[in-house]
Amino acid sequence: MFQIPNPFCKCSVCEEARRKRGRYERLGSSLYIEDIKMLIDTPEDIGVACDRQNISEIKYLSISHKDPDHTRGMRIVEPLGYDCIADEGTPIPFIALNEVVNDINAWNGDGLYYYENVLKCISIHRTNYVRIGEIDLHLINNKTHRGNMTFYTISDGIKKAIYACCDVKPFVHNELYFDANILIIGLVSDNGILKDGSSLENAPFRDDMFTLDEIIEIKHKYRIKRIIVTHIDEYWGKSYAYYKEFEKNLDNIFFAYDGMEIIL
C-alpha cells in the first residue's frame, strides 16, 4: 500500500532500503503471468516495476479490485495500446469481473470507459472465466465487507496457482482452491507487532488480516503445497533480511520481494 522506502519516513527499515536498495525496496503489488504475458493489477509504480523486470510485452490485463494501490497505474494502457501521434488505438483485452469493472468506473470517474471508447486502447471482457492458450483462468469474487475482490486460479491442467493479493479475510470457500501448487496471498501478520511497536490485535484493521496460524490452517485445509505472502507494507516495519530469516522456521511458507520469479 505504501512503498518502501516511504519518502516521508526515516525509520530503520526505510533508511536501510535507501542504503541497500534491491530487494529491500518494495513497490506496489502486481503479478505477471509470463506464459500468457498477462499483467494483474496496476499500482502507481507499475511502469517502474515492469522496466526493472524487463517486461516489454503485455497481451492481457486484469485488475483485482478498485482500490487506488491496485488501479492508479492504469495509464500503463496508454503506451501499450494507444498511438498518441497517429491518434489510433490497438486495444488489449482487459479481463475482469463485471462487479469490479463497475467498481473501478465508479471509483475512477469512468476511467475504463475512457480507455475503451475514447482512446480505444483496451477492450473490456466482463467474465469469471477465460482460457488463454493452455491456461485456464478463473476469476472468483471473494466478496467481503470491504467490497468486491477478485481471487484468481491459474492452471494448465497439471499445475495450479492461486493469486489472492488483497482483502483476503474471510477466505470464502471455493472448490477450485484444493490441491494448488502455490497460494500467493496478501496481508498476513508475522509476529503481530507493527512498526510503532504496537500490537496488531489493537489495530482497527486487525479483522482484515490473517495471522500465520490462520494461513497454516488454510494451507492444510486446501492441501496447498506452498504459500508466498505478498502485499507486505511499510507499516509492518520489517526488512527483507528479517523475512528471509523468519521463513527458515516455516514449512513451505515464504515472503515475497520485488522481482520474485515463481516457477511451477
Side-chain angles (χ1 to χ4, degrees), residues 1-7 9 11-64 67-77 79-80 92 135 137 150-152 154 159-166 168 180-188 190 215 225-248 250 252-264:
M1 185 169 64
F2 299 121
Q3 69 188 53
I4 300 176
N6 177 340
C9 181
C11 76
S12 61
V13 171
C14 288
E15 293 288 28
E16 182 180 38
R18 290 187 182 98
R19 292 194 310 273
K20 296 182 178 179
R21 299 295 176 181
R23 293 181 180 179
Y24 288 81
E25 300 175 284
R26 291 187 183 276
L27 301 177
S29 296
S30 60
L31 178 74
Y32 182 70
I33 307 172
E34 190 170 11
D35 306 66
I36 56 177
K37 302 186 186 306
M38 181 178 190
L39 178 67
I40 299 176
D41 284 337
T42 58
E44 288 175 314
D45 42 28
I46 188 61
V48 174
C50 286
D51 189 62
R52 285 183 182 177
Q53 295 308 119
N54 295 314
I55 294 172
S56 58
E57 186 176 17
I58 295 171
K59 291 185 176 180
Y60 303 92
L61 181 66
S62 184
I63 291 181
S64 60
D67 287 358
D69 57 327
H70 294 260
T71 61
R72 288 302 196 212
M74 283 194 301
R75 284 196 63 201
I76 196 174
V77 301
L80 284 172
I92 65 170
I135 301 294
L137 192 72
T150 311
F151 286 3
Y152 300 81
I154 308 152
K159 300 291 182 68
K160 177 165 59 176
I162 306 166
Y163 185 57
C165 65
C166 195
V168 293
N181 297 83
I182 192 164
L183 166 63
I184 306 167
I185 189 166
L187 301 175
V188 176
D190 50 3
I215 286 296
K225 296 180 177 63
R226 182 165 44 132
I227 287 179
I228 293 178
V229 176
T230 190
H231 216 316
I232 298 169
D233 286 311
E234 178 264 348
Y235 58 84
W236 285 109
K238 309 293 197 313
S239 74
Y240 166 74
Y242 167 88
Y243 285 114
K244 293 308 292 181
E245 188 64 27
F246 189 73
E247 68 187 20
K248 291 178 181 178
L250 303 175
N252 279 315
I253 298 178
F254 304 91
F255 295 91
Y257 53 83
D258 282 15
M260 175 182 268
E261 295 185 2
I262 301 166
I263 300 173
L264 298 185

Evaluate Leu264 against Ile182 for side chain to side chain contact (heavy atoms under 4.5 Å, CB included), listing each step before the verdict.
CA-CA 8 Å; Leu264 298 185; Ile182 192 164; 3.9 Å; yes
Stepwise, does the side chain to side chain contact (heavy atoms under 4.5 Å, CB included) test hold for Ile154 with Lys159?
CA-CA 8 Å; Ile154 308 152; Lys159 300 291 182 68; over 6 Å; no
Checking Leu39 against Ile46 for the side chain to side chain contact (heavy atoms under 4.5 Å, CB included) test, could you report, in this order, the C-alpha distance in whole Å, the side-chain angles of both residues, the deciding distance, and whether it holds?
CA-CA 10 Å; Leu39 178 67; Ile46 188 61; 3.8 Å; yes
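Once rounded to the nearest 0.5 Å, the distance linking CZ of Phe254 with NZ of Lys244 reads 7.5 Å. Expressed to the nearest 0.5 Å, how far CD1 of Ile227 lies from CD1 of Ile253 amounts to 5.0 Å. Rounded to the nearest 0.5 Å, atoms CE (Met74) and CD1 (Ile76) are 12.0 Å apart. Between Arg23 atom CZ and Tyr240 atom OH the span is 4.0 Å, to the nearest 0.5 Å. From Asn252, atom CG reaches atom CZ of Arg226 across 7.5 Å, with rounding to the nearest 0.5 Å. Put simply, CD on Gln3 and SG on Cys9 are 11.5 Å apart, with the number rounded to the nearest 0.5 Å.
No side-chain donor-acceptor contact under 3.5 Å links Asp69 to the backbone of Pro43. Within the 3.5 Å criterion, the main-chain N or O of Gly28 finds a donor-acceptor partner in the side chain of Asp45. Between the Glu247 side chain and the Phe255 main chain, a donor and an acceptor come within less than 3.5 Å of each other.
Nearest approach of Cys165 to His231, heavy atoms of both residues: O-CD2, 3.3 Å. Between Leu27 and Arg52, the closest heavy-atom pair is CD1-NH1, 3.5 Å. Taking each heavy atom of Arg21 and Arg18 in turn, the nearest pair found is NE-O, 3.2 Å. Nearest heavy-atom pair across Phe151 and Cys166 is CE1-O, 3.8 Å. The heavy-atom pair separating Leu250 from Phe246 by the smallest distance is CG-O, 3.9 Å.
Checked options Thr230, Asn6, Ile4; the residue passing with Arg26 is Ile4 (criterion: side chain to side chain contact (heavy atoms under 4.5 Å, CB included)).
Inter-residue side-chain proximity for Ile185 and Ile215 is flagged as met; some heavy-atom pair is nearer than 4.5 Å. Taking the side chain as every heavy atom from C-beta outward, Ile228 and Leu183 never approach each other to under 4.5 Å. Side-chain contact between Tyr243 and Ile232: present, with at least one pair of heavy atoms (C-beta onward) separated by less than 4.5 Å. A heavy-atom distance below 4.5 Å is found between the side chains of Ile40 and Tyr163. Residues Glu57 and Ile55 are not in side-chain contact: their nearest non-hydrogen atoms beyond the backbone lie 4.5 Å or more apart. At a threshold of 4.5 Å between non-hydrogen side-chain atoms, the residues Tyr32 and Cys50 do not count as touching. In this structure the side chain of Ile184 reaches within 4.5 angstrom of the side chain of Leu31, judged on heavy atoms. Put simply, the side chain of Leu137 reaches to within 4.5 Å of the side chain of Met38, judged on heavy atoms.
For Lys59, the NZ atom is loosely surrounded, since the number of other residues' heavy atoms within 6.0 Å does not exceed 12. Other residues, nucleotides and ligands place no more than 12 heavy atoms under 6.0 Å from the CZ atom of Arg75.
Evaluation of the salt bridge (Lys or Arg N to Asp or Glu O under 4.0 Å) rule for Arg72 yields no partner, not counting sequence neighbours.
Listed by first then second residue, pairs satisfying side chain to side chain donor-acceptor pair (under 3.5 Å) with a partner in residues 34-44 read Asp41-Ser64, Asp41-His70, not counting sequence neighbours.
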